[in-house]
Amino acid sequence: MTRDWWKHLILILGVIVVIAPFYMMVSYSFKSPGEIDRGEGGFFGRQELMVDPRCVALRDPSRDDIAAAADRFPGQSERQIRDALMAEAEVECSMRPVVFNYSKAFTEAPLLRYLLNGVIVTVSIFLLQVVVALPAAYALAKLKFWGREAVFGLVLFCLLIPVHAIALPLYILLAKLGLTNTYAALVVPWTISAFGIFLMRQFFMTVPDDLIDAARMDGMGEFAIVWRVMLPTAIPALLAFAIFSIVAHWNDYFWPRIVVTGNRDLFTPPLGLREFKGDGDGSFFGPMMATATVIVTPLIVAFLIAQKRFIEGITLSGMK
């Protein structure tokens, strides 16, 4: 065993701490309510047939249903006919826990609509942040003007301001403009990203000045240099920033909960989890975890696809 064994041990413990919630989330999305309550069944659960109580309750026969089914059960009392119809309902409402959880995730609430809202909001925010961050970062990195360092210091200061500190003034402003319960309320406050400006500025500092001078000699203006020269070189940093931005706003519960109050059609994925919160007996923990798994999966897939470029952007490798 090497002398650095304790470093590996600490890393392994850190991985366990990070992975454990995801393990429980995915495992609970496979299990029945009883297995979740009792903490049994292993990772996938036993997958024994279970009965959906809500499905059975919706099929509770009325007196008209019992009368219509009398021909199917000759010589039996109304009580016996009702019991027979309820037995049929239990058979029809029986399913595997994994099917129950994931079907409820998409039927109990309009999850696809929430996912679409999440895509619209996060992509819109990221694109607008790029439109603002690239020129600002280029100016702070490559242009000489009075007060440049002061402006950069202001950007760093903005990194220290938590969103909760400005949430109330932002909400009052949006309410006075009549923008609450709109996509604009979800997007507009985050179009300027101090972190995006800082990250792109640090990346642009690694770009050789000779490249910019050559573009100027070719007759390009400053905005043309930003979009035709700097943008292609900044792809690794942009992918890194995209991961940070999309993850932050895709998972954001605080701000959408404030500005979206009366329109379920504008719910983002985290707000969709609220659709499963009302059961005190915990019977909807499975669908809730299934919903959380569906919400997290696109982020994991996107990160795995962009992992190499993400690392390049974070290490600010710049041009080779």
Side-chain angles (χ1 to χ4, degrees), residues 109-141 150-204 222-223 226-227 230-231 234-235 237-274 295-296 298-299 302 313:
L111 182 57
L112 290 178
R113 175 68 185 186
Y114 300 159
L115 292 173
L116 176 62
N117 289 340
V119 171
I120 293 173
V121 170
T122 54
V123 172
S124 299
I125 290 175
F126 172 68
L127 292 178
L128 291 173
Q129 286 176 337
V130 169
V131 169
V132 174
L134 279 182
Y138 171 74
L140 292 173
V151 174
F152 182 62
L154 184 61
V155 171
L156 295 179
F157 175 75
C158 290
L159 289 173
L160 304 177
I161 302 176
V163 61
H164 307 83
I166 60 174
L168 183 58
L170 280 176
Y171 175 78
I172 294 174
L173 175 62
L174 292 171
K176 288 184 178 295
L177 295 175
L179 294 178
T180 55
N181 291 305
T182 64
Y183 282 117
L186 295 169
V187 174
V188 171
W190 317 119
T191 53
I192 300 177
S193 170
F195 174 73
I197 296 173
F198 168 76
L199 182 66
M200 299 310 301
R201 185 258 186 188
Q202 296 302 106
F203 188 91
F204 286 161
E222 301 301 331
F223 279 101
V226 170
W227 301 112
M230 305 301 286
L231 175 60
I235 295 301
L238 283 176
L239 286 176
F241 176 54
I243 294 294
F244 283 114
S245 175
I246 290 175
V247 168
H249 296 290
W250 181 272
N251 292 329
D252 186 18
Y253 178 83
F254 174 76
W255 183 249
R257 183 70 181 91
I258 293 177
V259 296
V260 179
T261 57
N263 189 351
R264 288 183 61 195
D265 291 337
L266 292 176
F267 277 13
T268 54
L271 289 182
L273 289 175
R274 298 176 61 239
I295 291 172
V296 169
L299 300 180

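Because the structure is predicted, anything quoted here is derived from the model rather than measured. Counting from 1, the numbers follow the sequence of the chain as shown.
- Side chains of Y114 and R264: a donor-acceptor N/O pair is present below 3.5 angstrom, by distance only.
- Side-chain contact between L173 and P169 is absent, with no heavy atoms from C-beta onward closer than 4.5 Å.
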task = Assess whether side-chain contact (heavy atoms from CB on, under 4.5 Å) is satisfied between N251 and V247, documenting all intermediate values.
result = CA-CA 6 Å; N251 292 329; V247 168; 3.6 Å; yes

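- Heavy-atom minimum distance, G118 versus T122: O-OG1, 2.7 Å.
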task = Take H249 and F126 through the side-chain contact (heavy atoms from CB on, under 4.5 Å) test and state the conclusion after the steps.
result = CA-CA 9 Å; H249 296 290; F126 172 68; over 6 Å; no

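- The OH atom of Y138 sits 12.0 Å away from the CG atom of L140 when rounded to the nearest 0.5 Å.
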Could you give the side-chain donor-acceptor pairs of residues 186-195 under 3.5 Å, partners two or more places apart or in another chain?
unit_1	atom_1	unit_2	atom_2	d
T191	OG1	V188	O	3.0
S193	OG	G196	N	2.9

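- More than 12 heavy atoms of other residues, nucleotides or ligands sit less than 6.0 Å from atom CZ of F254.
- Within the 3.5 Å criterion, the main-chain N or O of A248 finds no donor-acceptor partner in the side chain of D252.
- Atom OG1 of T268 is separated from atom CG of L116 by 12.0 Å, given to the nearest 0.5 angstrom.
- Y253 approaches P270 most closely through the heavy-atom pair CD1-O, 3.9 Å.
- Looking at I246 and I125, their side chains never come closer than 4.5 Å, going by heavy atoms from C-beta outward.
- By the salt bridge (charged side-chain N to carboxylate O under 4.0 Å, His left out) test, R257 is found to be paired with no residue, residues two or more places apart in sequence or in another chain being considered.
- Rounding to the nearest 0.5 Å places CZ of F198 at 12.5 Å from CZ of F241.
- A side-chain contact (heavy atoms from CB on, under 4.5 Å) with L170 is found for exactly one of L168, I166, I172, namely I166.
- The ring-ring contact (aromatic ring centres under 6.0 Å, His included) check on F204 picks up nothing, with sequence neighbours excluded.
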Which pairs would a plain distance check flag for residues 175-184, meaning a side-chain donor or acceptor within less than 3.5 Å of a matching protein atom at least two apart in sequence or in another chain?
unit_1	atom_1	unit_2	atom_2	d
N181	OD1	T261	N	2.8
N181	OD1	G262	N	3.1
N181	ND2	T261	OG1	3.3
T182	OG1	L179	O	2.3
T182	OG1	A184	N	3.4
T182	OG1	A185	N	3.3
Y183	OH	R113	NH2	3.4
Y183	OH	N117	OD1	2.6

task = Show your reasoning for whether side-chain contact (heavy atoms from CB on, under 4.5 Å) applies to I197 and F152.
result = CA-CA 9 Å; I197 296 173; F152 182 62; over 6 Å; no

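- S245 pairs by the side chain to side chain donor-acceptor pair (under 3.5 Å) definition with Q129, not counting sequence neighbours.
- M200 and A234 get closest at one heavy-atom pair: CE-CB, 3.4 Å.
- Residues F203 and A237 come closest through the heavy atom pair CD1-CB, 3.5 Å.
- I243 contributes atom CD1, which lies 12.0 Å from atom CG of L238 (distance to the nearest 0.5 angstrom).
- Atom CG of L174 sits about 10.5 Å away from atom CD1 of I258, to the nearest 0.5 Å.
- Remark: W250 engages no residue in a ring-ring contact (aromatic ring centres under 6.0 Å, His included) (not counting sequence neighbours).
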